[in-house]
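Predicted model, so just to flag it, every value in this text is computed and none were measured.
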Amino acid sequence: MAWLFLLIAGLLEICWAYGLQASHGFTRLVPSIITVALLIISFMFFSTAMRKIEIGTAYAVFTGIGTVGTVITGIVFLDEPVDVLKLVFIALLMSGIIGLKMIATDPETSEPTEVSGSKGGDS
């Protein structure tokens, strides 16, 4: 379920990134309100996912989905230029996201790992 929450958070990141442009620097009321609402909901899903997924993996996947999705949104809906190198780097990002998902521990069966050097009560 954590991975589904992370996917939703990443997809919502694409939406609020698009909303940032539609709000014209928060000068348009309705797009600004929608953008802020999407941002809050996105971070709620993201923070829920991080209860089960390691922070580094969760953050990389979250921002990777947002980055790839926003670039694709720009190309498809905003007529941004596309070239071979842009597509190569999108593919590299996607392979990194997929790789992190593949090596991540199962959130339903793994025990929380202790952060190195931090034992309860030691200061």
Flag the pair [X] / [Y] as yes when at least one side-chain heavy-atom distance between them is below 4.5 Å, and no otherwise.
X	Y	answer
Phe5	Phe46	no
Glu13	Leu38	no
Leu87	Asp83	no

**Item:** Matching residue for Leu12 among Leu7, Ile41, Ile65 - test: side-chain contact (heavy atoms from CB on, under 4.5 Å)
**Value:** Ile41
**Prompt:** Name the one of Thr48, Ile53, Leu11, Thr57 that satisfies side-chain contact (heavy atoms from CB on, under 4.5 Å) with Leu6?
**Reply:** Ile53
**Message:** Just verifying a value: how many Å separate Met1 CE and Lys52 NZ, rounded to the nearest 0.5 Å?
**Reply:** 11.5 Å
**Prompt:** To the nearest 0.5 Å, what is the distance between CG (Leu78) and CD1 (Ile72)?
**Reply:** 13.0 Å
Answer yes or no: does atom [atom1] of [X] have more than 12 heavy-atom neighbours from other residues, nucleotides or ligands under 6.0 Å?
X	atom1	result
Phe26	CZ	yes
Gln21	CD	no
Ile55	CD1	no

**Prompt:** Would you say the side-chain atoms of Ser47 pair up with the backbone N or O of Met44, donor to acceptor, closer than 3.5 Å?
**Reply:** yes
For a quick test of your reading: what N or O donor-acceptor pairs under 3.5 Å do the side chains of residues 93-104 make, sequence neighbours left out?
from	atom 1	to	atom 2	distance (Å)
Ser95	OG	Ala91	O	3.4
Ser95	OG	Leu92	O	2.7

**Single-linkage hydrophobic cluster Val68~Phe89, side-chain heavy atoms < 4.5 angstrom** = no
**Message:** Assigning hydrophobic clusters by single linkage (Ile, Leu, Val, Met, Phe, Trp, Tyr; side-chain heavy-atom cutoff under 4.5 Å), is Phe77 placed with Val71?
**Reply:** yes
May I have the list of side-chain donor-acceptor pairs in residues 29-37 shorter than 3.5 Å, sequence neighbours left out?
from	atom 1	to	atom 2	distance (Å)
Ser32	OG	Arg28	O	2.5
Thr35	OG1	Gly19	O	3.1
Thr35	OG1	Pro31	O	2.7

**Heavy-atom closest pair, residues Ser23 and Leu20** = OG-O, 2.9 Å
**Item:** Closest non-hydrogen atom pair between Ala49 and Ala2, with its separation
**Value:** CB-O, 3.4 Å
**Message:** I want to know whether Phe62 and Phe43 have ring centres closer than 6.0 Å.
**Reply:** yes
**Message:** side chain to side chain contact (heavy atoms under 4.5 Å, CB included), that's the test. Do Val88 and Val84 meet it? Break it down for me.
**Reply:** CA-CA 6 Å; Val88 166; Val84 173; 4.2 Å; yes
